[in-house]
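Before any comments, here is the structure.
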Amino acid sequence: MHPLYGTTAVAGIGMRQYRRGASPLPEQGVLVEAILAACADADLDPAEVDGFVSYGDDRNEPVRLMPALGTRELKWSSVVWGGGGGGIAGAFGLAAAAILSGQARAVIVFRALVEGSSGRLSAAVMAHHLNDHMLAAGIVAPAQVCAIRANRMYEHHGVPKSVAEDLVRASYYHGARNPEAVAYGDDLDVEGFRDARWIAEPFRLFDCSRENDGAAAFLMVSAERARDLKKAPAYLLGCANGAEKGWGDLLENDDAVLYPTAGFRSIARRLYAETGLSPADIDVVQLYENFSAQGVASLIDHGFCTYENVAEVVRFDNLIAPSGKLPINTGGGNFAQGFIHGIGTAYEAVKQLRGESSNPVPDAKICLLAGGPGAPTVSSAIFANEIP
Amino acid sequence: MDVIDGADAPYWNGLVEGRLMLPRCGGCGDWLWPAVSRCGKCGSEAIEWTARAMAGTIFSWTRTWHRFGFTESLDLPFVSIVATVDDCGIRLLGRLDDPDRIDPVMGETITGRVGATRVENRDIPTIIWSRG
Ligand SMILES: [Zn+2]
């Protein structure tokens with residue numbers, strides 16, 4: 001069995017989320033609150049936390065959190081390379097690596113984003129790889145980068161554009177029923193979705209996630225330790241991070257077969273091989289959707305459907321809890337739960353496995369966290385509430 | 001203009017002179033893009049910059065309607081494309097003339113000319129593609 005399989009777990013979660021520009025505290029203050037909430041959730045003394053992991057250019061270097069948290073000794077601080085949300089699931093793998101190798105015992109995985117403190121996320125993501133080739137073409141934003149890939153998927157690979165609407169509706173359906181979601185109480189107005197202004201074709205406004213202020217934190221410990229803490233463990237069963245040859249920051253020269261994907265083919269292959277699981281074993285998916293088409297591409301990459309049968313699988317009825325066979329984004333996802341660089345998807349993964357979700361999936365045991373799609377480096381992870 | 005000193009400097013210098021220059025491995029003949037200092041396939045460090053015609057086909061595209069920062073010099077909407085350059089297969093980012101707002105078609109034949117894109121206080125050499 002792979003060393004990551006069921007050997008660590010998320011024992012506590014905490015999140016603070018606000019509308020963009022509405023955070024009552026600066027970024028570090030919001031993050032500290034989220035970390036304290038995660039520790040309280042597990043009933044673990046925050047001073048005992050000895051490791052921190054983040055991704056996506058988070059600006060909160062862990063050593064600076066020590067005074068507010070009362071940290072006794074910092075033993076591990078690391079970040080997953082890559083400017084987009086591609087590293088979100090990989091961050092849990094990095095935390096597990098620290099714990100399993102004995103370099104830290106209680107590790108916080110976090111992401112914090114308060115616009116007043118660190119500016120627009122989209123700008124930070126692009127600063128990572130913006131160059132003169134892109135500037136000259138007028139390609140300066142993640143929406144445009146993903147739009148060009150999406151058109152290739154729709155037009156060259158024959159994916160019907162209608163699936164994007166079903167995906168977005170499913171996120172909103174769940175978000176409308178989640179009191180912690182920014183879209184709580186608001187089902188998607190389908191006419192409004194179809195008539196919304198263009199951003200970059202094929203994306204209209206509601207094909208795009210919109211940023212929120214906030215922070216989320218996850219306390220990871222060994223599986224053994226997690227069983228002694230207050231809440232039921234969400235075990236990490238597997239995690240894969242990286243890129244295969246022909247995918248990456250290649251100035252649009254990715255392998256033609258990989259070009260319209262979300263970059264997860266090798267990730268999914270490894271994740272399933274190392275856990276012994278397959279798409280059929282996944283009860284619920286928390287799907288990072290920066291843009292609608294990339295969410296669809298991610299589902300294809302992770303083996304839930306193909307270019308040919310995508311319209312049969314990515315249907316609104318099939319994507320919603322409790323009745324759908326492939327429930328996705330049961331908290332509302334980035335579109336409707338809120339977008340703090342995707343960290344809300346991991347939050348909902350744990351809530352769903354604990355039975356705390358506002359949109360519970362009956363008897364859900366295994367949850368896939370599909371990380372930020374389309375990034376040069378991507379990652380995904382599988383969590384479970386028991387070890388199969 | 002900023003100092004051009006990256007691995008792709010000959011590309012930018014070529015455009016300034018009105019030519020499309022692209023890098024090819026002197027060892028195995030593979031076209032290499034993004035520009036690199038070493039061919040990952042055969043290990044050769046002999047990079048041969050070679051002129052290509054500004055002729056190709058549309059690989060993919062987007063038409064931008066939202067005013068993103070850094071695009072202030074471009075009239076909305078504008079079309080950005082990924083163009084596959086003939087006789088090498090390298091794909092380049094560029095812009096497509098869009099006078100009649102007709103959606104581009106993948107595989108459509110295009111020809112390019114050198115123009116420029118104003119970004120903040122710089123004029124970046126740019127291949128502007130047209131249909132036919
Ligand atoms: Zn070579």
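Order of the sequence lines sets the chain letters (A, B, ...), proteins ahead of strands, with each chain counted from 1. On a predicted model such as this, the values are computed, not experimentally measured, just so you know.
Between A:Tyr55 and A:His341, the ring center distance clears the sub-6.0 Å criterion. The aromatic ring centres of A:Tyr259 and B:Phe59 sit less than 6.0 Å apart.
With a threshold of 4.5 angstrom between heavy atoms, B:Leu76 does not approach chain A through any atom at all. Using a 4.5 Å cut-off between heavy atoms, B:Tyr11 touches chain A through its side chain atoms alone. Both the backbone and the side chain of A:Ala256 come within contact range of chain B, judged by heavy atoms closer than 4.5 Å. Interface remark: B:Leu93 contributes backbone and side-chain atoms alike to the contact with chain A (heavy atom separation under 4.5 Å).
Most heavy-atom pairs under 4.5 Å with chain B, from the set A:Lys245, A:His156, A:Arg197: that is A:Arg197. Contacts with chain A were tallied for B:Thr64, B:Ile127, B:Asp8; B:Thr64 has the most, counting heavy-atom pairs under 4.5 Å.
Here the side chain of A:Glu155 pairs no donor or acceptor atom with the backbone of A:Arg152 at under 3.5 angstrom.
Contact check on A:Arg194 versus A:Asp189 returns no salt bridge, with no Lys/Arg side-chain nitrogen under 4.0 Å from an Asp/Glu carboxylate oxygen.
With rounding to the nearest 0.5 angstrom, the CD1 atom of A:Ile199 is 5.0 Å from the CG atom of A:Leu205.
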